[in-house]
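Treat the numbers as computed from the prediction; the structure is a model and nothing was measured. Order of the sequence lines fixes the chain letters, A, B, ..., with proteins taken first and strands second; residue numbering starts at 1 for each chain.
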Amino acid sequence: METNTNISITLPDGSVKKHPRGASALEVAESIGPGLAGDAVAARIDGALVDLSSKISQDRRLEIITADSEEGLGILRHSTSHVMALAVQRLYKGVQFGIGPAINDGFYYDFDLKDAISSDDLTEIEEEMERIVSEKLPFRREELSIGDARSLFESIGQPYKLELLEEIEDEKVNVYRTGDFVDLCRGPHIPDTSGLKNFKLLSVAGAYWRGSATKPQLQRIYGTAFARKKELKKYLHRVEEAEKRDHRRIGRELDLFSMDEEIGKGLVLWHPKGVEIRERIEQYWKNEHRLRGYQFVRTPHLASEKVYQRSGHIPQYEDMMYAPIEIEGERYRVKPMNCPGHIKIFQSQMRSYRDLPIRYAELGTVYRFEMSGALHGMLRVRGFTQDDAHIFCTPQQLPGEVEELLGLVDEIMGAFGYRYKAYLATRPEVSLQTATDQEWERATEALQSGLQRYGMDYSVEAGEGTFYAPKIDVKLFDALGRQWQGPTIQVDLNLPKRFEVKYIADDGKEHECIIVHRAILGSLERFVGGLIEHFGGWFPLWLAPEQVRVLPITDDHTEYAHNVRDTLRAGGIRTTCDERNEKTGYKVHSGTTDKVPYLLIVGEKEVKSGTVSVRSHDGGDEGPCALEDLMERMNKEVETKALPKNFVSDTD
RNA sequence: GCUGCUGUAGCUCAGUCGGCAGAGCGCGUCCUUGGUAAGGACGAGGCCAUGGGUUCGAGUCCCGUCAGCAGCACCA
């Protein structure tokens, strides 16, 4: 006969523990070990996430969730957001609450309140939060019927919560109470506020209710929380590190580019050193494309509106195009896209299947009217140069072309030291109706088979394609582990029809051409901006605008320094000479802050022995070296596109 | 575009209660001629974003405009 006082609890490692019926998850955790109980934030009972206070009344599987897991950390942060909400409720009258979830690196809560919160107020809110933590207030869960919940939130004047309730279909909902703060919330939460020790409020900003620009705008406070102080510190350090790498700051410090109010918003002025970097990239890009059978074309910056009418850009994107310019009664537009020009070149003669594939590439500068709030340094601008190309091919050739393209992606992203991940984005809900289901399917399958043929890992993002094309998006991970938008490969289902792009097949008849639209770098502006942050300004030798700086110790050595410089220059190495009237330490300092990979110190010793003393970014003070040996080493470094040593941040 | 914050020397920033515009870096001249992350002295450099208002008096307070920043929304 089974005892009804004990139940069996199965732990993740398979072991079974006997506990009295009605034991709480926390009690079980305590019986396993006080350490675990202390770190516990919630529990999973038979697969469902619940509070630690949950009583277990039958045989169950139990997992104790700690803040060391991603899930547990999310719970900790979510609980912190409630504490912040309580603090705000205490400090400001008549607050209405939006939502307050955990996010990637922390949490936020949205508030509707009369007074504007500024970042100066965050300290005060943080202090109130500390107080709440020391009060050790429990997170108390209550289960209410929808009707009761509605009257509750009505009585405390929380219209946003009522709106959320409208959409819940269950009969019962949870509310959590922490002190005087009540929230509609699925949970779970940590047992009480004393478990929150390591948090920080980060910023305050506006955010639309429910993410919709037509809805009211609330004030959002962002914060983060961690299980351990060390992790919080590490995170804050990483944020700082990212700030130091900000391409706008480094762009100014290294004199790479600037923007000017009088030139216009979102328009980049490339300085000589920035151009130097850009040209290395362009040169490399061109070589790789030439190797793969691309031909280079150029199309005008301005075109008659007719072509964008036909392409569909005007009906679809007019609000993001620059206004028309009227000449001789005809309206012209600054080009927002390179495709129409490439198509016209393709159509300048009859094309046989024997000519295909035709691959046209252009570093094409386009202009788009991005909303002012969207602009961000070089990463989001109004005038930019796409590394655009269009592949005209037959349906049979498509998978092979995709495969080739992935090889190109791999080559180029690898050269810059990016890790990446591919995503297959399929037909979205709202999509072009002129293309048949079959065409969507065939295009998507071709992309997929290209991925498989190349052997590239990918995941499917259902419905994330553009309205006119399924696509492969490649996302990059930079040295700080941050994600960037990378290459994109799109099978265009729109333009071949609109422009009637045809070729003559082996049956002697006209067939519709496949057009693949693709960019590897995206835009030179964004790519270079991203690279600056990726490398933190320490470019690999092949890209560095100033590869070598010669530092003569006194005036007596300038002549020798000039010889060294000129020899290097003759060898194709970008070299300058710092002949300022300063001490060597000063010149080394200045060469380092200017992020020059090689500093060559030349003094009495070097003049006599005909050497240079090398100080490199990778190797530090390396001592004397014969110039020819150094040149050989640098040439090799340039040729192999060697990445700087340890350019990955040590905070990772 | 929306909400909030910020505009002071080329850059980073101080400027108290409304009372003569400041520092460091950088730049120039001079001294110094030196050995691996900042030698010294002197000097130039400002319509305090901009237009209005309050005031005896505005960098400072109020309103508008412009620009930048953060987030949201947007991103062929």
- Message: Over all strands shown, is A:Tyr108 touching base, sugar-phosphate only, or nothing at heavy-atom distances under 4.0 angstrom?
- Response: nothing

- Message: Looking only at the side chain of A:Ala116 (C-beta and beyond, no hydrogens), which of the listed nucleotides B:A76, B:G1, B:G4 gets closest?
- Response: B:G4

- Message: Once you apply a heavy-atom cut-off of 4.0 Å, does A:Gln219 come out as touching a base, just sugar-phosphate, or nothing?
- Response: nothing

- Choose from B:G1, B:C11, B:A70 the nucleotide whose nearest atom is closest to any side-chain atom of A:Arg252. B:C11

- With a 3.5 angstrom cut-off on both distances, give the Watson-Crick or G-U wobble partner of B:G64, or none if there isn't one. B:U50

- Message: Heavy-atom nearest nucleotide on RNA chain B for A:Gln217 versus A:His313: which residue maps closer to 5'?
- Response: A:Gln217

- Message: If you take the centroid of each ring, where Trp contributes its six-membered ring, are A:Trp209 and A:Tyr160 closer together than 6.0 Å?
- Response: yes

- Message: Can you tell me the base-pairing partner of B:G59? Count Watson-Crick or G-U wobble geometry only, both distances below 3.5 Å, and say none if there is no partner.
- Response: none

- Query: Counting only Watson-Crick or G-U wobble pairs whose two distances fall under 3.5 Å, which nucleotide matches B:G18?
  - Reply: none

- Checking B:A76, B:U12, B:G34 against the side chain of A:Met337 (C-beta onward), the nearest is B:A76

- Note on the structure: Of the candidates B:C2, B:A73, B:A76, the side chain of A:Ala374 sits closest to B:A73

- For atom P, what is the distance between B:A58 and B:C13, given to the nearest Å? 28 Å

- Message: Using a 4.0 Å heavy-atom cut-off, does A:Tyr222 contact any base of the nucleic acid, only the sugar-phosphate backbone, or nothing at all?
- Response: sugar-phosphate

- Message: Counting only side-chain nitrogens and oxygens, does A:Arg580 get under 4.0 Å of the OP1 or OP2 atom of B:C27?
- Response: yes

- Which part of the nucleic acid, if any, lies within reach of A:Glu253 when heavy atoms closer than 4.0 Å are counted: base, sugar-phosphate only, or nothing? nothing

- Item | Between A:Lys497 and A:Asn494: side-chain donor-acceptor atoms closer than 3.5 Å | no

- Would you say B:C74 has OP1 or OP2 under 4.0 Å from some side-chain N or O of A:Arg368? no

- Across all strands shown, which nucleotide pairs with B:C74 by Watson-Crick or G-U wobble geometry, both distances under 3.5 Å? none

- Query: So what does A:Glu318 hit on the nucleic acid, given a heavy-atom distance under 4.0 Å: a base, only sugar-phosphate, or nothing?
  - Reply: nothing

- Given the C1' atoms of B:U60 and B:G19, what is the spacing between them in whole Å? 11 Å

- Given that both distances must come in under 3.5 Å, which nucleotide forms a Watson-Crick or G-U wobble pair with B:U12? B:A23

- Task: Check whether any side-chain nitrogen or oxygen of A:Lys265 sits under 4.0 Å from OP1 or OP2 of B:A67, and answer yes or no.
- Result: yes

- Task: With heavy atoms under 4.0 Å as the rule, sort A:Gly373 into base, sugar-phosphate or nothing.
- Result: base

- Look through every strand shown and name the nucleotide pairing with B:G28 as Watson-Crick or G-U wobble, where both distances are under 3.5 Å. B:C42

- What distance, rounded to whole Å, do you find between the two P atoms, one in B:G59 and one in B:G7? 15 Å

- Output field: ring centroids A:Phe97/A:Tyr109 closer than 6.0 Å: yes

- Task: Just name whichever nucleotide pairs with B:C69, Watson-Crick or G-U, keeping both distances under 3.5 Å, else none.
- Result: B:G4

- Taking only side-chain nitrogens and oxygens of A:His376, does any of them come within less than 4.0 Å of OP1 or OP2 of B:A70? yes

- Rounded off to whole Å, could you give me the CG-to-C1' distance for the A:Asp319 and B:A73 pair? 13 Å

- Message: Tell me whether the side-chain N/O atoms of A:Arg248 come closer than 4.0 Å to OP1 or OP2 in B:G68.
- Response: no

- Item | Inter-nucleotide P distance (B:U50, B:U8), Å rounded | 10 Å

- Query: Do A:His534 and A:Phe647 make the cut of ring centroids closer than 6.0 angstrom?
  - Reply: yes

- Once you round it to whole Å, what is the distance between P of B:G35 and CG of A:Asp555? 14 Å

- Message: Distance check needed: B:C69 C1' versus A:Met259 CE, whole Å only.
- Response: 13 Å

- Heavy atoms under 4.0 Å, any strand shown: does A:Glu261 hit a base, just sugar-phosphate, or nothing? sugar-phosphate

- Task: Rounded off to whole Å, could you give me the NE2-to-P distance for the A:His589 and B:A37 pair?
- Result: 10 Å

- Message: Please report the distance separating the C1' of B:C30 from the corresponding atom of B:G52, rounded so that it comes out in whole Å.
- Response: 48 Å

- Taking NZ, NE, NH1 and NH2 as the nitrogens, is one of them in A:Lys244 or A:Glu253 under 4.0 Å from a carboxylate oxygen of the other? no

- Message: Does a side-chain N or O of A:Tyr586 approach OP1 or OP2 of B:G26 to a distance below 4.0 Å, or not?
- Response: yes

- Message: Can you see whether A:Asp492 engages A:Tyr468 through a side-chain donor-acceptor pair at a distance of less than 3.5 angstrom?
- Response: no

- Item | Integer angstrom distance from the C1' of B:C74 to that of B:G64 | 28 Å

- Message: Using a heavy-atom cut-off of 4.0 Å across all strands, would you classify A:Thr592 as base, sugar-phosphate, or nothing?
- Response: base

- When you match A:Gly623 and A:Arg220 each to their closest nucleotide on RNA chain B, which lands nearer the 5' end? A:Gly623

- When you compare B:C47 with B:U54, how far apart are their P atoms, in angstrom units rounded to a whole number? 26 Å

- Message: From CD of A:Glu579 over to P of B:U32, roughly how many Å is that when rounded to an integer?
- Response: 20 Å

- Item | Gap between atoms CG and P, on A:Leu375 and B:G1 respectively (whole Å) | 9 Å

- Is there a donor N/O on one and an acceptor N/O on the other, under 3.5 Å, for the side chain of A:Glu606 and the base of B:G35? yes

- Do any side-chain nitrogens or oxygens of A:Thr554 fall under 4.0 Å of OP1 or OP2 in B:G34? no

- Does OP1 or OP2 of B:A37 have a side-chain N or O of A:Arg615 closer than 4.0 Å? yes

- Query: Contact class for A:Gly620 (heavy atom, under 4.0 Å): base, sugar-phosphate, or nothing?
  - Reply: nothing

- Message: Pairing donors with acceptors under 3.5 angstrom, does anything connect the side chains of A:Gln219 and A:Asp112?
- Response: no

- For A:Glu370 and B:A73, give me the distance from atom CD to atom C1', rounded to whole Å. 13 Å

- Task: Give a yes-or-no answer on whether the side chains of A:His589 and A:Thr592 include a donor-acceptor pair shorter than 3.5 Å.
- Result: no

- Would you check if A:Tyr317 stacks with the base of B:A76, given a 5.5 Å centroid limit and a 30° plane limit, both strict? yes

- Task: Would you indicate what A:Met320 reaches in the nucleic acid, counting non-hydrogen atoms under 4.0 angstrom: base, sugar-phosphate, or nothing?
- Result: base

- Are the charged groups of A:Glu464 and A:Arg427 less than 4.0 angstrom apart, N to O? no

- Task: Describe the nucleic acid contact of A:Ser590 in one word from base, sugar-phosphate, nothing, applying a heavy-atom distance below 4.0 Å.
- Result: nothing

- Donor-acceptor pair under 3.5 Å, A:Tyr208 side chain vs B:G71 base: no

- Message: Determine whether the aromatic ring centres of residues A:Phe107 and A:Phe199 are separated by less than 6.0 angstrom.
- Response: no

- Could you state the CH2-P distance from A:Trp209 to B:U3, rounded to the nearest angstrom? 19 Å

- Look at all strands and tell whether A:Arg380 reaches a base, only sugar-phosphate, or nothing, counting heavy atoms closer than 4.0 Å. base

- Task: Please measure how far the P atom in B:G24 lies from the corresponding atom in B:C42, and state the result in whole Å.
- Result: 11 Å

